[in-house]
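What follows is a single structure, written as structure tokens, with notes after it.
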Amino acid sequence: MNEEQKTIESTELENQTQSEEAPSTSEINPTPELAQAEASVENPVENPTEAASSEEQPTEEFDWEEFETGLKKFTSEKKAEITTLYEKTIGKIEEHDVVKGKIVAKTEREVIVDIGGKSEGVISLNEFRYNPDLKVGDEVEVMIDRREDKNGQLVLSHRKARALKAWDRVNEAYNNDEVVQGFIKCKTRGGMIVDIFGIEAFLPGSQIDVRPIKDYDAYVEKTMDFKIVKINHEFKNVVVSHKALIEADLEEQKREIISKLEKGQVLEGVVKNITSYGVFIDLGGIDGLIHITDLSWSRINHPSEVVEMDQKLNVVILDFDEAKTRIQLGLKQLTPHPWDSLDPNLKPGDRVKGKVVVLADYGAFVEIIPGVEGLIHVSEMSWSNHLRSAQDFVKIGDEVEAVILTLDREERKMSLGMKQLTPDPWADIETKYPVGSIHEGQVRNFTNFGVFVELEEGIDGLVHISDLSWTRKIKHPSDFTHIGAKLKVVVLEIDKENRRLSLGHKQVTENPWDVYETLLEEGSVLSARITEMVEGGANAIIENIGLEAFVPKRHMAKADGTHLKIDEVADFKVIEFNKDQRRIVLSHTDLVKAAEAEANEKAAKSTKDAVKRIQSKVEKTTLGDLEVLSQLKADLEKKEDK
């Protein structure tokens, strides 16, 4: 039987004895006076004088409880006397007092604590969960819950003692910036609940460690050191941090480590974190960053292509900031530069093969050997002057062949070309596309001043806006054609040196103005339709030939005084025709005025003719009319006689 079991059995036997008989002198270690008083009470018959005197006193009522228990009841005076003697021996103990006790025994479920009383107290081991190192002989604070229960047992509480003084201790630790121990009871939303001096404090998830924590369960029921970082006195809330302690230690380690660093120094580290822009390396208390561009001489898309988590590797210190404790590391610098191993015989004009590793609108980077890249600009991908995106020619991962255009080993730069692998179409441009020859091309692009037409891959020409139509006045090429349309053109001019080709579309047909010159001479009258109003007048289309002409505003007046409107058809007089400038000016008002003048002239002539006729009649009929009148008078008189 071990010591703990013996102690528990002795305690249980003592409690049982207290409930069955009066406490013996050996159990309470009485003083000599107390022993003498008890002896006189328990053996009253040993003194004949006291026995004789007791028989003379009046007979008291028989006490069955005293008879059954075998315990002699004391008078109140005697109880007070015995209590005084007890208190002198074991000290005065008041309920709810907080005292210090000594652990005398510990089991798997309970702790026995001696506070110097008549008996020990039993406390559940759960109240000491925050202290896994608790052992026999340790002193702990307890609160006297009850001096004795129904079995005479002393009832103690360590939890209540801690809670009673906890708030004062928490404030003291916070004000003094002390490190406190806490027991992590459970996890909660966003963190953990920690027992600090008996008070439940909150430990945010971000304050558990300097690294992000994914598994909170691994910390439950652990005892750790904490720093109180925030107290809400109104709601009695406490926030603690374990990370703050780690950071303080790390900061000190960082200063010590960084003070010993030198540029070019090679250290061993462990991959701590991988991001899209680089890798963080733990150098043993301080972190350094390897930027993605310093991981490999070859171009990579993500650092995970080179390293993995918790991998040990050697790194070189490129730079560091002692004030900000920042360290810039490199990995590729530990290996020779690939340009140093490039074939020394390579020169401009040589052909090379490689893989497209990066693609941009302006070109593609081709890896010739690991770590050595050359740029193929989009203008070097095709002989065409029509610029397109590099994606139209190659894609990531393509194996391509190219010609070295420039090679700078000192600057470690190389430019490549793909179009140089095919014949230059401009080499025999005069033979293939002589001036005056007619061809069909595709409209590739517009500008405000013309249209770019591609005759073949690499051969583009410009059709100026003035060379699109003989008859139409075009404001923008999109009004005449569209991208992708087929267009017949005539080669007007070739500039081989500058790779420029001047084309014309209207020249495919004869110049109609040679014919119009005879049809539209000044003074001729024709029918036209008003198409739009413009500044100073209106534009009109000559309906039978489709030519556009201009009608000044003062020449738009009609006979009734109003002006011509859009889509109104009328007769016009050509008042100006310029073949070179392709300008036709019409007038409707001139026709109106001419018609009025002609009408007036006809009216005047008609009046004059009428006057002449009247005058002639007067001269011829003057004498004859008299004879007629005489005869008419005679006839009237005859009728009156009858």
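Treat the numbers as computed from the prediction; the structure is a model and nothing was measured.
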### Query
Do Lys263 and Asp319 meet the salt-bridge criterion of a basic N to acidic O distance under 4.0 Å?
yes

### Query
With distance as the sole test, does Lys272 use its side chain to make a donor-acceptor pair with the main-chain N or O of Asp287 at under 3.5 Å?
no

### Task
Answer whether the closest heavy-atom distance between the side chains of Pro425 and Glu457 falls below 4.5 Å.
no

### Message
Please determine whether side-chain contact (heavy atoms from CB on, under 4.5 Å) holds for the pair Leu318 and Asp294, giving the CA-CA distance in whole Å, both sets of side-chain angles, and the decisive distance to 0.1 Å.
### Response
CA-CA 10 Å; Leu318 303 180; Asp294 292 316; 3.7 Å; yes

### Task
Take Asn314 and Glu268, measure what side-chain hydrogen bond (donor to acceptor under 3.5 Å, both in side chains) needs, and give me the verdict at the end.
CA-CA 4 Å; Asn314 289 330; Glu268 185 181 60; 6.0 Å; no

### Query
How far apart are the C-alpha atoms of Asp209 and Lys243, what are their side-chain angles, what is the distance that settles it, and do they pass the side-chain contact (heavy atoms from CB on, under 4.5 Å) test?
CA-CA 5 Å; Asp209 203 339; Lys243 177 182 176 181; 5.9 Å; no

### Query
How far apart are the closest heavy atoms of Met381 and Phe393, and which atoms are they?
SD-CD1, 3.7 Å

### Query
Can you check whether Glu493's main-chain N or O pairs, donor with acceptor, with Ser502's side chain at less than 3.5 Å?
no

### Check: Asp590 main-chain N/O paired with Ser587 side-chain donor or acceptor under 3.5 Å
yes

### Working for side-chain contact (heavy atoms from CB on, under 4.5 Å), residues His302 and Ile274
CA-CA 9 Å; His302 195 273; Ile274 299 176; 3.9 Å; yes

### Message
If I take atom OG from residue Ser276 and atom CD1 from residue Ile292, how far apart are they, to the nearest 0.5 angstrom?
### Response
7.5 Å

### Task
For Gln311 and Glu308, indicate whether the former's side chain and the latter's backbone hold a donor-acceptor pair under 3.5 Å.
yes

### Task
Using a strict 4.0 Å threshold on nitrogen-to-oxygen distance, state whether Lys355 and Asp398 make a salt bridge.
no

### Query
Counting only N and O atoms by type, is there a donor-acceptor contact under 3.5 Å from the side chain of Ser389 to the main-chain atoms of Asp392?
no

### Task
Could you tell me whether the side chain of Asn600 and the main chain of Glu596 form a donor-acceptor pair under 3.5 Å?
yes

### Message
A side-chain contact here means heavy atoms from C-beta on lying under 4.5 Å apart; do Leu329 and Leu283 qualify?
### Response
yes

### Task
For the pair Trp297 and His337, name the ring-plane relationship: parallel under 30°, tilted 30 to 60°, perpendicular over 60°.
tilted

### Lys553 atom NZ: more than 12 heavy-atom contacts under 6.0 Å
no

### Query
Distance-only, no hydrogens or angles: does the Glu367 side chain make a donor-acceptor pair with backbone N or O of Gly371 under 3.5 Å?
yes

### Task
Give the minimum heavy-atom separation between Leu359 and Ala390, together with the two atoms involved.
CD1-CB, 4.1 Å

### Query
Are the side chains of His476 and Asn448 in touch, meaning some heavy atoms are under 4.5 Å apart?
yes

### Task
Tell me, with the steps shown, if Tyr277 and His291 meet ring pair (Phe, Tyr, Trp, His ring centres under 6.0 Å).
CA-CA 6 Å; Tyr277 56 85; His291 194 268; 7.2 Å; no

### Query
Would a 4.5 Å heavy-atom cut-off, applied to side chains only, mark Leu501 and Trp426 as touching?
yes

### Over 12 foreign heavy atoms within 6.0 Å of NZ, Lys332
yes

### Message
If you take the centroid of each ring, where Trp contributes its six-membered ring, are Phe480 and His505 closer together than 6.0 Å?
### Response
yes

### Task
Write down the atom of Leu564, the atom of Ala570, and the distance for their closest heavy-atom approach.
CD2-CB, 4.0 Å

### Query
Would Thr406 and Met414 satisfy side-chain contact (heavy atoms from CB on, under 4.5 Å), going step by step from the backbone distance to the final call?
CA-CA 6 Å; Thr406 62; Met414 183 189 305; over 6 Å; no

### Message
Tell me whether Asp428 contacts the main-chain N or O of Thr431 through its side chain, where contact means a donor paired with an acceptor under 3.5 Å.
### Response
no

### Task
Looking only at non-hydrogen atoms, find the nearest pair between Asp571 and His588 and report the distance.
O-ND1, 2.8 Å

### Spacing of CD belonging to Glu535 relative to CE belonging to Met533, to within rounding of 0.5 Å
14.0 Å

### Message
Looking at every heavy atom in both Gln207 and Ser241, which two are closest together, and how far apart are they?
### Response
OE1-OG, 2.6 Å

### OG1-CG distance between Thr293 and Leu295, expressed to the nearest 0.5 angstrom
8.0 Å

### Task
Over all heavy atoms of both residues, which pair between Gly191 and Phe202 is shortest? Give the atoms and the distance, please.
CA-CE1, 3.9 Å

### Side chain Asp350, main chain Lys347, donor-acceptor under 3.5 Å
yes

### Task
Using a 4.5 Å cut-off on heavy atoms from C-beta on, say whether the side chain of Pro434 contacts that of Val491.
no

### Query
With a 4.5 Å limit on heavy-atom distance, are the side chains of Ile369 and Leu342 in contact?
yes

### Task
Taking the side chain as every heavy atom from C-beta outward, state whether Ile584 and Phe572 have any pair of such atoms under 4.5 Å apart.
no

### Query
Between Arg412 and Asp340, is the closest basic N to carboxylate O distance under 4.0 Å?
yes

### Query
Can you check whether Lys496 reaches Glu430 side chain to side chain, under 4.5 Å on heavy atoms?
yes

### Task
Step through the shown structure and confirm whether more than 12 heavy atoms of other residues, nucleotides or ligands are within 6.0 Å of CD on Glu497.
no

#### Entry: Stepwise salt bridge (charged side-chain N to carboxylate O under 4.0 Å, His left out) check, Arg444 with Asp460
CA-CA 9 Å; Arg444 302 293 299 178; Asp460 290 348; 5.9 Å; no

### Query
CZ of Arg299: more than 12 outside heavy atoms within 6.0 angstrom?
yes

### Query
Under the 3.5 angstrom rule, does the side chain of Asn498 hit a backbone N or O of Arg500 as a donor-acceptor pair?
no

